[in-house]
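Okay, so here's the structure we're looking at.
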Amino acid sequence: MIFVSTNQFGGQRGGGVPGGGFGCLLLTILGFVGVYFVLKGLYNLLYLLAPVLLILALIVNWRVFPHTLKNWLKTLETNPVTGLVYAALAVLLFPFFSLYILLKAFGMKKLEEMGQQMSGQQGYNTQNEEEFVEFEEIETTPKGDLKKDEPIAPPELPEKETPPAKSQAPPKPQNPYDQLFD
């Protein structure tokens, strides 16, 4: 049996990539070059906007700066090499770090708002905290109507039964099926 196939890409093998393996390598290199130029343009844009991003982060939620510093110091104490690598990356990639700080500020603000909504939904009275709620005092009496002067006696324990002597063999129950195997 002879199998003849016609490929819509001109009969080329390798999944239809023009040039085969070399074409695939060329497309990969062109993709990396394109990603490089996109990231370089984003870096330059964020470099110009970094001071504005930091000021916006300060306005949105100023607590993000001490929180980030505290996390970095904790990492530096537990794993100094990782802490130093994080510090070097924050300096070298400062524009991306400023964007990270702004996004973290927005995230922390959103979490605070969600926490306030959740505490409001759980029935906490946040508006009128000084209002007193009426309650009823319930008297409790101990069981058995004990008087205060009487001492509380411990409960009586049942007596322990002594186990039967082990020398006696326990009686065998009669099994009706024993007769079947005789």
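Numbering of residues begins at 1 and proceeds along the displayed sequence. The figures that follow rest on heavy atoms only: side chains count, while hydrogens, waters and symmetry mates do not.
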Does [X] sit in a hydrophobic cluster with other residues, and if so which ones, taking ILVMFWY side chains as linked at heavy-atom separations under 4.5 Å, directly or through other members?
X	answer
V91	none
W62	L54, L58, V64, F65, F94, F97, Y100, I101, M108
L73	L69, W72, L76, L84, Y86
L39	V35

Partner set under side-chain contact (heavy atoms from CB on, under 4.5 Å) for [X], not counting sequence neighbours:
X	answer
I55	I59
E77	none
L111	none

Practice problem: Only counting residues at least two apart or in another chain, list the ones meeting side-chain hydrogen bond (donor to acceptor under 3.5 Å, both in side chains) with T68. | Solution: K104
Self-check item: Under the side-chain hydrogen bond (donor to acceptor under 3.5 Å, both in side chains) test, residues paired with N79 that sit two or more places apart
Solution: T82
Can you give the donor-acceptor pairs under 3.5 Å from side chains of residues 40-51 to other protein atoms, not counting sequence neighbours?
from : atom 1 : to  : atom 2 : distance (Å)
Y43  : OH     : L92 : O      : 3.3
N44  : ND2    : K40 : O      : 3.4

Quiz prompt | Taking every non-hydrogen atom, the tightest pair across V60 and K109 | solution = CG1-CD, 3.8 Å
Quiz item: So which heavy atom on P95 is nearest to which on S98, and how close?
Solution: O-OG, 2.6 Å
Quiz item: What residue pairs, at least two apart or across chains, pass salt bridge (Lys or Arg N to Asp or Glu O under 4.0 Å) with a residue in residues 41-70?
Solution: R63-E112
Quiz item: Got a second to check how far L103's CG is from L53's CG, nearest 0.5 Å?
Solution: 8.5 Å
